[in-house]
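Comments concern the structure below.
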Amino acid sequence: MFNLKYYINQLEFSKDVVFKDYSKVYKGNSGVTKYKKELAIFKSYLNSDYINIPEIYFEDEEKTLIIMEKIGGETLDRIYIDDKEQFEYLMKKFGETLGYIHSLDINPVKEVIPGYYTSQKKYFNDYIESLKNRIINLGEMEYLEILDSLCRRFKEVNFNNICLNHGDYHFWNVIFTDKKQLYILDWEKSKIVDCRYDIANTLILCYSWFGIDLKEYMLEGYVNVTRKDIQQLECFEALLSFDSFTACVPFIQGADDSYVRDKTYMWIKRRYDLFVENNGRRIEKAEEYLKTKGIL
């Protein structure tokens with residue numbers, strides 16, 4: 001973030017802006033993929049009546065960078081949540097905004113956003129395969145039985161709620177402005193899949209990072225907007241909690257965690273709590289690891 005000074009007809013202007021570099025790679029997605037994905041979303045939905053996103057001032061496809069509007073306000077985690085009335089209001093608004101995201105027309109962006117929107121079964125199978133490969137590489141075969149159990153639960157699930165998923169919808173990516181508007185940032189992980197992936201991922205991220213159970217109010221806001229009965233969400237919560245916790249297994253196996261702060265040990269514990277709650281299995285190694293960190 002910096003202040004940009006510029007001139008028009010010899011008149012000097014300045015503006016606070018955000019510079020974003022997409023050159024890094026994550027989970028196999030190149031910087032070009034991230035750049036095209038986010039730029040398409042910013043351009044397609046900037047004038048939406050219900051979704052607030054920053055305006056793009058400058059773009060450079062060759063260098064995969066943009067300069068965009070800096071939004072004033074506080075990220076949602078900084079809001080004083082001990083005020084029950086304000087907490088309920090913000091969590092419902094948070095859910096409503098996700099509902100509006102899932103109601104967007106995908107046609108303007110589907111060509112640049114990876115996601116098996118034509119074959120949800122393929123997306124699910126590829127997702128499960130990636131989790132199996134993770135477990136096999138870790139050598140923790142007890143998790144495969146849990147994953148197989150998850151797959152059996154999904155045999156009754158119909159993937160019929162295809163929409164644009166934000167992919168990383170949590171408090172750090174939402175700014176609450178002085179005008180009581182929510183601005184949504186960081187669309188790099190967006191995809192076009194069943195809406196319940198996004199809902200479950202948000203519930204898990206917000207609880208594991210912030211220790212906040214917002215499910216009741218968030219879903220109330222979401223349903224108010226979409227008018228959809230969200231069935232079998234518990235299957236997606238089990239799957240996403242399995243994903244989030246098993247990503248922490250290298251720490252339990254002894255990988256260097258010297259850089260991890262105490263707060264993040266609590267984050268690992270919360271991931272474990274959700275894993276146990278949603279999958280019905282406890283892992284002795286995980287509990288021993290948490291005890292060594294002073295977390296019972």
Side-chain angles (χ1 to χ4, degrees), residues 1-4 13-20 34 37-59 66-106 108-109 113 163-192 195 198-199 201-207 209-210 212-228 230:
M1 293 180 283
F2 62 94
N3 184 269
L4 178 67
F13 299 88
S14 67
K15 184 183 292 288
D16 289 336
V17 298
V18 173
F19 172 88
K20 194 161 185 180
K34 294 190 292 181
K37 187 190 299 186
E38 201 157 43
L39 191 62
I41 289 172
F42 285 150
K43 288 186 172 182
S44 299
Y45 306 125
L46 178 62
N47 297 316
S48 169
D49 291 333
Y50 303 106
I51 308 296
N52 299 307
I53 52 180
E55 182 180 354
I56 301 295
Y57 298 137
F58 174 80
E59 59 194 80
I66 63 173
I67 295 175
M68 61 182 171
E69 175 185 13
K70 179 182 179 293
I71 306 300
E74 297 279 4
T75 51
L76 212 55
D77 62 298
R78 302 290 296 274
I79 304 301
Y80 186 70
I81 62 171
D82 290 337
D83 182 330
K84 187 173 187 297
E85 185 175 340
Q86 185 186 47
F87 174 74
E88 291 183 15
Y89 166 77
L90 286 174
M91 295 304 99
K92 288 177 184 176
K93 195 170 182 65
F94 185 67
E96 287 172 358
T97 303
L98 186 60
Y100 286 126
I101 290 172
H102 290 173
S103 301
L104 291 169
D105 179 10
I106 64 173
V109 298
I113 295 186
C163 63
L164 177 66
N165 280 217
H166 181 279
D168 202 21
Y169 191 71
H170 57 73
F171 296 161
W172 285 334
N173 283 338
V174 178
I175 292 180
F176 186 57
T177 71
D178 293 339
K179 295 182 180 180
K180 299 189 181 299
Q181 294 176 312
L182 297 188
Y183 270 76
I184 314 304
L185 312 177
D186 290 346
W187 297 75
E188 297 175 4
K189 296 182 181 180
S190 57
K191 48 188 172 284
I192 298 174
C195 68
D198 221 15
I199 297 171
N201 190 51
T202 295
L203 293 172
I204 287 161
L205 286 173
C206 290
Y207 182 75
W209 276 113
F210 310 105
I212 294 176
D213 182 2
L214 71 160
K215 184 174 181 178
E216 176 186 354
Y217 301 121
M218 183 185 125
L219 290 184
E220 181 180 342
Y222 184 90
V223 171
N224 284 342
V225 167
T226 62
R227 302 299 178 187
K228 292 180 180 178
I230 308 171

Inset, instruction - Could you pull out the closest heavy-atom pair between V109 and S44, with the gap in Å? - result: CG1-OG, 3.6 Å
Inset, instruction - Give me the ring orientation class for F210 and W172: parallel if the planes are under 30° apart, tilted from 30 to 60°, perpendicular past 60°. - result: perpendicular
Inset, instruction - Taking side-chain hydrogen bond (donor to acceptor under 3.5 Å, both in side chains) as the test, write out the residues that go with N201, two or more places apart. - result: none
Inset, instruction - List for me each residue that meets ring-ring contact (aromatic ring centres under 6.0 Å, His included) alongside F176, sequence neighbours excluded, and say none if there are none. - result: none
Inset, instruction - Identify the two heavy atoms, one from C163 and one from H102, that lie closest to each other, and give their separation to 0.1 Å. - result: CB-O, 3.3 Å
Inset, instruction - Could you tell me whether the side chain of V17 reaches within less than 4.5 Å of the side chain of K70, counting heavy atoms only? - result: no
Inset, instruction - Could you tell me whether the side chain of I41 reaches within less than 4.5 Å of the side chain of S190, counting heavy atoms only? - result: yes
Legend entry - Any residue meeting side-chain hydrogen bond (donor to acceptor under 3.5 Å, both in side chains) with Y100, in chain and number order, not counting sequence neighbours: none
Legend entry - Among L76, I51, T177, the one residue meeting side chain to side chain contact (heavy atoms under 4.5 Å, CB included) with L182: L76
Inset, instruction - Would you mind reporting whether I212 and D77 have side-chain heavy atoms less than 4.5 Å apart? - result: no
Legend entry - Polar side-chain atom of H166 near backbone of L185 as donor-acceptor pair, under 3.5 Å: yes
Inset, instruction - Report yes or no: does N165 contribute a side-chain atom to a donor-acceptor pair with the main-chain N or O of I192 at less than 3.5 Å? - result: no
Legend entry - Within 6.0 Å of NZ in K228, more than 12 heavy atoms from elsewhere: yes
Inset, instruction - Would you confirm whether S48, through its side chain, and Y45, through its main-chain N or O, come within 3.5 Å as a donor-acceptor pair? - result: no
Inset, instruction - Could you check if a side-chain atom of E59 sits within less than 4.5 angstrom of a side-chain atom of K43, using non-hydrogen atoms only? - result: yes
Inset, instruction - Would you check if the side chain of K37 reaches a backbone N or O of E188 as a donor-acceptor pair within less than 3.5 Å? - result: yes
Legend entry - Donor-acceptor pair, side chain of D168 and main chain of N173, under 3.5 angstrom: no
Legend entry - Residue pair W209 / H170, side-chain heavy-atom distance below 4.5 Å: no
Legend entry - N3 atom CG, over 12 foreign heavy atoms within 6.0 Å: yes
Inset, instruction - Please check if atom CZ in F2 has more than 12 non-hydrogen atoms from other residues, nucleotides or ligands closer than 6.0 Å. - result: yes
Inset, instruction - Taking Y217 for its side chain and K93 for its backbone only, find out whether a donor-acceptor pair lies under 3.5 Å. - result: no
Legend entry - N224 side-chain N/O to E220 backbone N/O, donor-acceptor pair under 3.5 Å: yes
Legend entry - Heavy-atom side-chain proximity of W187 to I53 below 4.5 angstrom: yes
Legend entry - Beyond-backbone contact of Y50 with S103, side-chain heavy atoms, under 4.5 angstrom: no
